[in-house]
Amino acid sequence: MVASWLLGRLSWHAFPTALVTEGAAISIVVGVLIVLGLITYFKKWPYLWREWLTTTNHKRIGIMYLIVAFLMLIRGGSDALMMRAQQATSVGAHNGLFSVSTFQQVFSAHGTIMIFFAAMGLMFAIINLVMPQQLGSRDVAFPFLNATSFWLFAAGAVLINLSLVIGDFSAAGWLAYPPLSELKFSPSVGVDYWIWSLEIAGIGSLFSGINFMVTILKCRAKGMTMMKMPMFPWSVFGSMTLVAFAFPILTVTLTLLYLDRTLGMHFFTAGAGGNAMMYVNLIWAWGHPEVYILVLPAFGIFSEIVSTYSKKRLFGYTSMVWAIWAIVFLSFTVWLHHFFTMGSSADVNGFFGIMTMLIAIPTGVKIFNWLFTMYQGRIKFANPMIWFMGFVFLFTLGGVTGVLMAVPPIDFQVHNSLFLVAHFHTMIVTGVVFGFFAGLNYWAPKIFGFKLNEKLGKIAAYLWIVGFVLAFGPLYILGFMGATRRLDHYAASTGWQPLFIVAGIGVLIIAAGVATQILQFLVSVLSRHWQRDPSGDYLNGRTLEWATASPSQEYNFAHLPEVKERDDWWRMKQDGEPPSKLPYRAIRVPVNSPHPIIIAACAFVAGFGFIWHIWWLVGLALVALLVTIFTHTLSDASGERIIPASEVKAIEETWLKKRELAK
């Protein structure tokens, strides 16, 4: 009785017993211990705490998002390798490498981690690193909230990976449909880990959405009207609007599922008066806007890249803005196409089919505008443009397959097949991951202070493109042949194995692309002294971030710019406008604060308590959370510190001298 009260459902049986999960758990624990040991050995804890863990600087927060997202990309990619290895070998009399249960956990982990922690992390990283500078702002609207958002995101990532060490992962898929996710069919803690990691990270995402919306509306440079904003902030504004409306749906849906599992409320239990289809409707009312939450910022990145590397102003700026808002509106009218087979009337299916076809129009507008921007431009096919060209070709093919599945009779044939899996990955990988990698290479000097190795970057891009075609091209064919998703074994008579082997080779090539990206970064770090950008504008860019040093100073702009037209940095260079002669003034920047990481730690502990039913731990964590928030409101951490005018002058004059020498 005492043990039950103290530990809830937690016991020695919670630790993994399968060989694969044991190996993963041991590798995670050993890796964490090595990192902590190295930090301790080199006495870096004070530096990390002072400069990184407690920072409210949006650029450092962006880099931390980048680190977590890339680790999650490797984690999710490892799951993809495991899935393809199983599907290539588990045929006929051979049962492959993993048990059925392990395979179900692996594909659930892959989808969850890639969408919620890799793709979302990459998106928030690039937004933090670039958007305030493009707006001519010194910071985001709410620096403290920004730090809190990141640490909640990181807490969710740690919690979901903790399931490898204590407990197990959900086997109910990345969206955890009932009844499979209900207590009867998933009695272990896997689904609870899934729920609470997404609850915590999702609240952080909602905070970020609100923060970035307010930043765009209230923190733009003087003279920068909405229609003078660069396209990237416009795309972020559309995406964050979707976050503000869609993520509360996710939060409520997950809460209802947890109540089903914990208090027996049966919102989604068909045999007890609930309705599983209500869950499916709710999760996709969030889920399909989520696709555009991820894709829209990538569209903005491509707009900046194509314009810069074509040496032309973006074609059709106004139509691009309207296309963003058409996508925002239509994204809430298409969710039912995910379950045309559920038995809705022809009228309902017809409406959602038409809406799904319509949303392809504003996306097509963007494709044509990018191509017209390139038309008669002086195009430089640098690394970011390689990512863009791969995106245009593959994303267009993916869009065509999406329009096909918008037709209900066709969807009836390919629903729940690998054709759908291939389509989804075509849209997300090429439309999101390619975009953020292109942006990372494009803005690397603003982020790190040096350019990334161009040759290795191109090799990585080509490996990703070729690997993607080989990994997902066969899945379209397998889908037509009847192969379903979540398949861990099939008969030899199907003839599917050769195509699964080709798909596995494609995943290995993508893995080689990831390895090349890691090598690219390491080589770039080692050669950083020769790859620096002293001018701050190595591409002869058009927007305001190129008017700052590389990497940008903590305060971004010594003198806040006054914008006269779109692409105002380009105008200033063409007009020969000299640097501001105004006297330097002291600049206020937000102070560091330990409270965001403490708030996230409290949320993590509360989530762990909810998962294992350790109710005293939940109460303790929630009390600590409230005390931390209250303490923050009373502390100086809610204030600002001042960079003296003399220090600002010294920093700026040093940089301006370097810029003049670089010309």
Side-chain angles (χ1 to χ4, degrees), residues 69 72 108-124 145 148-150 152-157 159-160 169-170 172-178 180-182 186 190-213 238-262 265 267-268 274-297 328 331-339 424 428 432 600 603-604 606-607 610-611:
M72 293 300 99
S108 300
H110 170 73
T112 302
I113 287 171
M114 284 300 206
I115 293 294
F116 290 97
F117 298 104
M120 291 290 284
L122 288 170
M123 177 184 73
F124 286 132
L145 188 64
T148 304
S149 299
F150 165 74
L152 288 172
F153 168 82
L159 188 61
I160 204 161
F169 203 93
S170 168
W174 77 280
L175 287 179
Y177 290 169
L180 190 57
S181 58
E182 290 280 352
S186 296
V191 173
D192 299 308
Y193 266 113
W194 182 86
I195 289 171
W196 285 102
S197 61
L198 266 57
E199 287 274 34
I200 293 169
I203 291 171
S205 298
L206 180 59
F207 288 166
S208 290
I210 296 168
N211 196 358
F212 292 138
M213 287 175 67
S239 175
M240 295 304 108
T241 301
L242 289 174
V243 167
F245 283 97
F247 266 81
I249 300 174
L250 177 67
T251 302
V252 170
T253 306
L254 297 179
T255 302
L256 294 178
L257 180 60
Y258 184 74
L259 292 174
D260 269 15
R261 293 177 55 82
T262 308
M265 290 194 173
F267 289 104
F268 309 124
N275 187 346
M277 281 311 304
M278 181 170 71
Y279 178 92
V280 180
N281 274 278
L282 286 171
I283 204 71
W284 279 115
W286 160 83
H288 207 88
E290 166 69 5
V291 173
Y292 297 103
I293 287 169
L294 295 171
V295 167
L296 282 174
V328 169
S331 68
F332 280 106
T333 67
V334 300
W335 83 88
L336 194 133
H337 70 220
H338 288 276
F339 37 98
F424 180 78
I428 293 298
V432 178
F604 173 87
F610 277 120
I611 290 164

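Atoms CG and OH, on L242 and Y292 in that order, are 10.0 Å from each other to the nearest 0.5 Å. Rounded to the nearest 0.5 angstrom, D192 CG and S197 OG are separated by 10.5 Å. Rounded to the nearest 0.5 angstrom, I160 CD1 and Y193 OH are separated by 10.5 Å. Interatomic distance, CD1 of I249 versus CH2 of W335, reported as 9.0 Å (0.5 Å rounding). Of the inter-residue distances, the one linking S239 atom OG with E290 atom CD reads 8.0 Å to the nearest 0.5 angstrom. Separation of atoms CG (L250) and CG (L282) is listed at 10.0 Å; rounding is to 0.5 Å.
P178 and Y279 make their closest contact through CD-CD2, 3.0 Å (heavy atoms, listed as atom of the first residue, atom of the second, distance). Here the closest non-hydrogen pair linking A118 and M72 is N-CB, 4.0 Å. Smallest separation of non-hydrogen atoms from F268 and L257: CE1-N, 3.7 Å. Shortest non-hydrogen contact noted between N275 and M277 is OD1-N, 2.9 Å. Closest heavy-atom contact between G202 and F247: O-CD2, 3.7 Å. Shown here for A155 and A600, the closest heavy-atom pair between the two residues is CB-O, 3.8 Å.
M123 has its side chain within reach of I293: a pair of non-hydrogen atoms, C-beta onward, lies under 4.5 Å apart. Annotation: side chain of I200 is in contact with side chain of L159 (closest heavy-atom distance under 4.5 Å). Side-chain contact between V243 and F212: absent, with no pair of heavy atoms (C-beta onward) separated by less than 4.5 Å. The shortest side-chain heavy-atom distance between M114 and I428 does not fall under the 4.5 Å cut-off. In this structure, W286 and T253 have side chains that are not in contact, with every pair of non-hydrogen atoms separated by 4.5 Å or more. Residues D260 and E182 are in side-chain contact: their nearest non-hydrogen atoms beyond the backbone lie under 4.5 Å apart. Within the 4.5 Å cutoff, the side chain of I283 has heavy atoms near those of the Y177 side chain. At least one side-chain heavy atom of L175 sits under 4.5 Å from a side-chain heavy atom of W284.
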**OP:** Go through F117 and F153 one step at a time and tell me if the ring pair (Phe, Tyr, Trp, His ring centres under 6.0 Å) criterion holds.
**Re:** CA-CA 8 Å; F117 298 104; F153 168 82; 5.8 Å; yes
Subject >> Derivation and outcome, side chain to side chain contact (heavy atoms under 4.5 Å, CB included), residues F124 and S205 >> reply: CA-CA 9 Å; F124 286 132; S205 298; 3.6 Å; yes
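More than 12 heavy atoms of other residues, nucleotides or ligands shown are found within 6.0 angstrom of CZ on F424.
The closest donor-acceptor contact from the side chain of T112 to the backbone of A109 lies at 3.5 Å or more, if one exists at all. Between the side chain of Y258 and the backbone N or O of F610, at least one donor-acceptor pair lies under 3.5 Å. Formation of a donor-acceptor pair under 3.5 Å by the W194 side chain with backbone atoms of W174 is found in this model.
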